[in-house]
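Data first, discussion second: the structure below is written as structure tokens.
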Amino acid sequence: MHLLVGTAKGLFRYRTTNRKDWQVLDPVLLGDPVYTSAYNPTNGTIYAGVNSEFYGPSIRRSQDWGETWDTGGRGLEYAADDAERVTRVWSIRPAGDRRLYAGVEASGLFQSDDGGDTWTEIQSLRQHPTHETWGPGYGGKCLHTIALDAFNPDRIYIACSAGGIYRTDDGGDSWRPINRGIRAEFMPDDQQFPDSGQCVHKFWLSPTLEGRIWLQNHGGVYRSDDNGDSWVYVGSPLPSDFGFSIVGHPREPDRAYVIPLERGPRWAPHNMLAAYETRDGGAHWAPLHEGIANPSYSGILRDAFTADQGSPLGLYFGTTSGEVYHSADAGASWHLVAQHLPRIYSVVVAE
Amino acid sequence: MITVHLPPDLAREFGAAPAVTLEAAATCTDVLISLDRRHPGIVSWILEPDGRFREHLSVFVSGRRLAPRSQASLALARDAEIWILRAISGG
């Protein structure tokens, strides 16, 4: 297993065979912000979303665990006369051997059917009539999450900040906002439940229970049992229902993990950094912080928390202060993999 | 002939020489298109789809600094020298 840590100044890599001892590999893609990365187990390719301040965004590919990289494919851009520009890559989602999806800033969705050689925008999304309700959050106007439904090959979910969560049931020909019941707390009191425009920070789609989605909003933790048609607020037991990341258990759909942060400053409540776990669909949440150095003044960004497929479950998160923690026992105890890295944007398990 | 000086890291990424000599062309865009034929993909790292230089590149043509985000379609002298540099605004 490799752990890929995208930071403000490059991609850091760690290798393990036992989820206990970590071999540190040289950092790569040095100097550039790496917002996201992905691994395609069907062909062994690693992808990195590299957002150069000088040369723009690119999706780079490596066949040797990141030792060497190509310069990326073509077409990851909007037309010359488009009112928006592609300024960053936020999300990369492999779908089989050759197909890939990518989420970009300003919020849009691209598809490649040749492994990332050429990219084409799925224009139906930005053409949705609610597009005018989308705006930037502090991190930018970003399409940050793409999920493929394990039960329906034509069903894809995306989320953008701000904009909300959307679903297609026809492979991307048409999209519908599925934000009903998700609060937009930054709106006037009488407009806090719009159809779109929510600042969804992250969602996680269950691969084992059809329809189950966990969602961390810009304020509010939610669960859906019907593919996002409706949402149940499950954040009230948490010390803060604000946060950026959320991770579900890959085999047990009632289990999920969040890392609560205060609305401001965006660090842990009472500076006690902890993951919180629910085992009952969100009714109860328990803190998991053994081994985490506290007090903490760090935040955890939306793509900096993830899980592996192991049993017990392995969990991994990276902080804005450059620490990487892992747990090989579903959060019961945490251990440092690395510290003193640049600001961490993403943590990805490649296995 | 036109000489295009590339930032070292960009040249390294595309396996290009730090200074590339190309046939004379009417405009800077034409020269960059011919650079892209030699190093496929490089032009999208230099220009945005609207034909303007990327925001944090500092470009000099025949000794004169272009304004940020200038159109690359400016006319060139037959022996023009183009410097593409990383602007300090980019970090």
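Letters A, B, ... mirror the listed sequences (proteins, then strands); counts begin at 1.
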For this session: Measure the spacing between OH of A:Tyr55 and CD1 of B:Ile84 and express it to the nearest 0.5 Å.
Result: 9.0 Å

Problem set entry | Side-chain touch A:Arg60/B:Glu13, heavy atoms, less than 4.5 angstrom | yes

For this session: Would you mind checking which part of B:Leu10 comes under 4.5 Å of any heavy atom in chain A, side chain (CB onward), backbone (N, CA, C, O), both or neither?
Result: both

Exercise. How far apart are the closest heavy atoms of A:Pro57 and B:Arg54, and which atoms are they?
Worked result: CD-NH1, 4.3 Å

Exercise. Are side-chain heavy atoms of A:Arg74 and B:Pro40 found at a separation under 4.5 Å?
Worked result: yes

Seminar exercise, completed: Answer key: most heavy-atom pairs under 4.5 Å with chain A among B:Asp50, B:Ile42, B:Ile46 is B:Asp50

Problem set entry | B:Glu23 CD: over 12 foreign heavy atoms closer than 6.0 Å | no

Problem set entry | From CZ (B:Arg86) to CZ (A:Phe54), nearest 0.5 Å | 3.5 Å

For this session: Would you give the length of the straight line joining atom OG of A:Ser52 to atom CH2 of B:Trp45, rounded to the nearest 0.5 angstrom?
Result: 7.0 Å

Problem set entry | B:Pro49 to A:Ala80 - nearest heavy-atom pair and separation | O-CB, 3.3 Å

